Amino acid sequence: MQKLTPPQSESELLQRCHALTTKTLGELAYALQKELPKNLTKAKGFIGQLIESALGASANNQPEPDFPNLGIELKTLPLNAHGLPKESTYVCTAPLGIQAEMEYWQTSRVRNKLAKVLWVPIEADPNIPLNERRIGTPLLWHLDPQTEIILRQDWEELSHSLHLGQTENLSAKIGIYLQIRPKAAHSRILNRKINEDSEEIWINPKGFYLRTAFTQKILAEHYG
DNA sequence: CTATGATCATCC
DNA sequence: GGATGATCATAG
């Protein structure tokens, strides 16, 4: 398997993705001439990057969908022994700067990324050796109006707290589908921010994540 | 340093 | 056992 050019159409992307179904990570890594890590402890993003290169996603780190020309974001979905998503899904970093306040839902990075997502389920039961874990049937999903109402409410509530620097309201407990969690190399990294009382505060960088309840619901609705 | 890819590890 | 908070690797 060679390094791929980005897919030029949705059907080309889907075709590539369906070709991966039932393959093992070991087979795919071999085909791409990549060495599988012993475990994911020190290679947490390995599988996501493996699938990216298998599909020809642009290897950028822009706050844009993985396939900008198609407006499609790629997300791997680790499944537990019951076939249900076992981890939350990272969406994007949460802006702490002045610009943060000026982001509106319609043009927000969260909505931009979640408008259309190609979910690729991957076996992630720890009892299965990494190289034997299989890739599942992909699901090309797009944001529907009912879901968007809830996501938007979550996003606006969380963005509001971020904007005001209300750290007490930035816990991962807030939000129905979307939540805010730390997103940094470690907890000692702090960014300066001026809060609603014009005080200087320092906060650990945050990211937006989708709860497992959200991705479990998506799979249930589309796979039954 | 900030973005991406996420999962780990601990607490309740 | 699940959720929250912490952390790891890499690219530009």
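This is a predicted model, so every value here is computed, not measured.
At whole-Å resolution of the value, CD in Q49(A) and P in dA6(B) are 8 Å apart. Atom OH in Y90(A) sits about 18 Å away from atom P in dA9(C), given to the nearest Å. Protein atom CG of L178(A) is 15 Å distant from nucleotide atom P of dA3(C), rounded to whole Å. Between the NZ atom of K113(A) and the P atom of dA3(B) there is a distance of 10 Å, rounded to whole Å. Look at NZ on K206(A): it is 22 Å from P on dA6(B), rounded to the nearest Å. The distance from atom NZ of K75(A) to atom P of dG5(B) is 4 Å, rounded to the nearest whole Å. For the pair K86(A) NZ and dC8(B) P, the interatomic distance rounds to 6 Å; values are reported in whole Å. Atom C1' of nucleotide dG5(C) and atom NZ of K44(A) are separated by 11 Å, given to the nearest angstrom.
When distances run from any side-chain atom of R181(A) to the nucleotides dA3(B), dA6(C), dT7(C), the shortest one goes to dA6(C). Minimum atom distance to the side chain of K42(A) is reached by dC8(C), of the listed dT7(B), dG5(C), dC8(C). Residue N61(A) places its side chain closer to dT2(B) than to any other of dA3(C), dT7(C), dT2(B). Closest contact between the side chain of P78(A) and the listed nucleotides dG5(B), dT7(B), dT4(C) involves dT7(B). Here the side chain of R211(A) is nearest to one of dT7(C), dG5(B), dT4(C), namely dT4(C). With dA3(B), dG5(C), dT7(B) as the candidates, the nucleotide lying closest to the side chain of L40(A) is dT7(B).
Looking at heavy-atom distances under 4.0 Å, E73(A) makes contact with sugar-phosphate atoms alone, never a base. E87(A) comes within contact range of at least one nucleobase, with a heavy-atom separation under 4.0 Å. In this structure, G45(A) reaches the bases: a heavy-atom distance under 4.0 Å links it to at least one base atom across the strands shown. Contact annotation for P63(A): backbone-only contact, meaning every heavy-atom pair under 4.0 Å involves sugar-phosphate atoms and none involves a base. Looking at heavy-atom distances under 4.0 Å, A172(A) makes contact with sugar-phosphate atoms alone, never a base.
Between the base of dG5(B) and the side chain of K183(A) there is a donor-acceptor pair shorter than 3.5 Å.
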- Message: Go through it in stages, so that I can follow the logic: the residues are R111(A) and E148(A), the test is salt bridge (charged side-chain N to carboxylate O under 4.0 Å, His left out), and I'd like the CA-CA distance, side-chain angles, deciding distance and then a yes or no.
- Response: CA-CA 9 Å; R111(A) 186 177 187 282; E148(A) 179 166 359; 2.7 Å; yes

- Task: For the pair E10(A) and K116(A), evaluate salt bridge (charged side-chain N to carboxylate O under 4.0 Å, His left out) and give the outcome as yes or no after the intermediate values.
- Result: CA-CA 11 Å; E10(A) 202 169 284; K116(A) 212 167 200 179; 2.8 Å; yes

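Judged by the 6.0 Å and 45° rule, R211(A) forms no cation-pi pair with Y177(A).
Place T212(A) and A184(A) on DNA chain C by their nearest nucleotides, and T212(A) ends up nearer the 5' end. Map A43(A) and Q179(A) each onto its nearest nucleotide of DNA chain C; the residue landing nearer the 5' end is Q179(A). Each of T76(A) and A94(A) has a nearest nucleotide on DNA chain B; the 5'-most of these lies closest to A94(A).
Between dA3(B) and T93(A), a contact under 4.0 Å exists linking OP1 or OP2 to a side-chain N or O. Residue S88(A) has no polar side-chain atom (N or O) positioned under 4.0 Å from OP1 or OP2 of dA6(B).
In this structure, K193(A) contributes its side chain and L96(A) its backbone to a donor-acceptor pair below 3.5 Å.
Side chain to side chain, R133(A) and T24(A) fail the donor-acceptor criterion of an N or O pair below 3.5 Å.
With contacts defined as side-chain heavy-atom distances shorter than 4.5 Å, the pair K23(A)/R134(A) does not qualify.
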